[in-house]
Protein chains: 2
Amino acid sequence: MYQQIADEIRGQIVAGDLEPGAKLPTEAEMRSAYDVSRETVRKALNLLVNEGLVVSARPQGHFVRRREPMIFRPQTEFRKRPHSPEMDAFATEHSAEGREPRQVIEVAIVEPPAEVAKRLQLKAGDLVAIRKRVRYLDGEPFNINDSYFPLDIVRDSEIMRPEDITRGANEVLAELGYRQVRALDELYVRMPQPEEVKRLELPPGTPVGYHITTGFTAEGRPVRVATTVLPGDRHVISYERGLETPGEEA
Amino acid sequence: MYQQIADEIRGQIVAGDLEPGAKLPTEAEMRSAYDVSRETVRKALNLLVNEGLVVSARPQGHFVRRREPMIFRPQTEFRKRPHSPEMDAFATEHSAEGREPRQVIEVAIVEPPAEVAKRLQLKAGDLVAIRKRVRYLDGEPFNINDSYFPLDIVRDSEIMRPEDITRGANEVLAELGYRQVRALDELYVRMPQPEEVKRLELPPGTPVGYHITTGFTAEGRPVRVATTVLPGDRHVISYERGLETPGEEA
DNA sequence: CAGTGGTCTAGACCACATC
DNA sequence: ATGTGGTCTAGACCACTGT
């Protein structure tokens with residue numbers, strides 16, 4: 001029964017009868033409209049909140065969720081190419097032009113999480129340096145970027161200072177004798193952990209992309225693992241491909 | 001208070017005290033353990049279910065969610081390269097070897113959804129051919145792949161038949177005079193729609209990756225839009241990059 | 001049949017933003 | 001002060017799966 005209520009409202013939202021930002025009826029109104037108890041109404045609303053369609057703004061009521069401006073995340077391999085007109089248009093549409101960027105950096109020495117230790121091929125007990133960044137645009141957080149380095153190669157380097165490295169941490173690694181020549185990228189889709197919810201101010205019903213890059217030197221040694229948490233409501237990941245070898249897309 | 005209960009159980013799960021597949025205490029047990037009402041216990045469990053950490057198997061109880069075997073989704077541009085040892089290991093780890101693939105294909109002529117019409121640069125009222133596929137592995141659905149083609153170029157072609165096209169739909173398009181030479185890829189992260197939940201048998205708390213590929217001919221005409229819905233609990237998207245131009249990862 | 005979770009009710013108190 | 005949603009309670013009935 002609460003599912004039916006949710007279905008009805010969801011239908012109005014996807015059909016556009018209820019526009020983003022529109023106020024939903026109050027719980028009391030829905031209770032009498034459907035002749036059910038308050039808890040039943042709340043279960044229906046809860047469904048929609050967890051689907052990311054509705055937000056609750058106490059005590060103003062429930063609202064159809066607005067779509068955040070999407071941030072364009074081009075994959076670097078493709079940035080060097082001359083862009084096609086379509087790609088240009090796409091980039092322009094999702095540009096962050098005119099928005100005010102800011103970042104907060106923390107640096108620490110920690111025992112790495114298992115998934116990082118594995119990718120850096122560390123032994124138990126080995127420590128890593130971690131640079132944790134939260135990036136903001138117009139004061140709103142839009143992604144978390146944590147980079148891990150084996151402690152023995154970055155100790156006492158610039159990487160340990162909690163400041164912006166304008167030429168890039170990769171360049172510093174290269175100066176230390178560990179130039180990365182290739183990277184393995186993995187992208188997972190999952191629900192955020194509570195800490196990520198807090199750091200990114202994620203509304204309920206917002207999944208994240210979890211991007212892990214492992215950078216290797218020419219000798220095949222992994223020297224950097226970067227994890228990026230991308231809130232799904234604020235990011236499009238995009239790239240352009242040549243299709244010299246057409247094949248069915250898997 | 002229900003948040004505290006959820007926090008406690010979540011802590012046990014992430015710490016590994018409760019392993020995947022382990023049975024949680026019953027609602028009655030938790031009710032007396034925390035001395036709260038049943039609804040409060042259920043709210044705590046509901047949180048964990050929506051975070052994708054717990055599944056409910058009525059009437060056996062609640063269980064720590066098992067991780068699905070991950071399906072490796074390499075991006076095609078990179079498949080041609082000689083693989084590095086790391087990439088090979090990664091591909092092997094997530095291989096679908098020995099699993100039984102199957103797919104169900106439907107074909108129809110429809111008015112395209114707005115996001116498809118826009119990418120195909122169609123006028124209002126233009127129709128498209130759609131090939132809808134659900135792919136299974138060992139009888140379990142693992143992704144939805146819908147391909148849209150402007151009706152005027154595929155009418156009466158093989159693409160309209162609901163059968164597997166072994167040489168690929170792209171090749172058929174090429175034979176029709178519309179060879180694609182490049183593609184624009186977009187990847188979104190969001191919660192699934194109810195239809196996607198049904199078609200993919202998604203447990204609650206499972207987000208999806210939504211991958212849209214637009215294929216262009218040399219003349220710049222978009223001739224194909226393929227959308228793929230990737231359940232987050234079953235897919236890793238992965239690729240390897242050269243880093244000739246090191247730069248900070250955005 | 002027993003025990004599980006799924007659903008629904010009626011009632012209560014609270015925190016908070018706005019008027 | 002009012003009205004909103006957030007939380008919690010106590011009790012009830014149901015559907016399903018196992019024994």
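Hydrogens, waters and symmetry mates are skipped; everything else that's a heavy atom, side chains included, is used. Below, chain A is the first sequence line, B the second, and so on; all start at residue 1.
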S.K.: Whether A:Ser56 contacts D:dG6 is assessed here as follows: a side-chain N or O lying under 4.0 Å from the phosphate OP1 or OP2. Is that the case?
M.R.: yes
S.K.: Starting at atom CZ of A:Arg38, determine the distance to atom P of D:dG5, rounded to an integer number of angstrom.
M.R.: 7 Å
S.K.: D:dG3 phosphate, OP1 or OP2: any side-chain N/O from A:Thr26 under 4.0 angstrom?
M.R.: no
S.K.: Within less than 4.0 Å of OP1 or OP2 of D:dT7, is there a side-chain N or O belonging to B:Lys43?
M.R.: yes
S.K.: How close or far is atom C1' of C:dT18 from atom NZ of A:Lys23, stated in whole angstroms?
M.R.: 13 Å
S.K.: Closer than 4.0 Å, any side-chain N/O of B:Gln60 to the OP1 or OP2 of D:dG18?
M.R.: yes
S.K.: Less than 4.0 angstrom between a side-chain N/O of B:Thr40 and OP1 or OP2 of D:dT7, yes or no?
M.R.: no
S.K.: Nearest whole Å is fine: how far is D:dG5 P from A:Leu24 CG?
M.R.: 9 Å
S.K.: Distance under 6.0 Å and angle within 45° of the ring axis: does A:Arg102 meet both against A:Tyr136?
M.R.: yes
S.K.: Taking 4.0 Å as the cut-off, does a side-chain nitrogen or oxygen of B:Gln3 come that near to OP1 or OP2 on D:dG6?
M.R.: no
S.K.: To the nearest Å, how far apart are A:Leu47 CG and C:dC8 C1'?
M.R.: 15 Å
S.K.: Taking only N and O in the side chain of A:Tyr2, is any of them less than 4.0 Å away from OP1 or OP2 of C:dC8?
M.R.: no
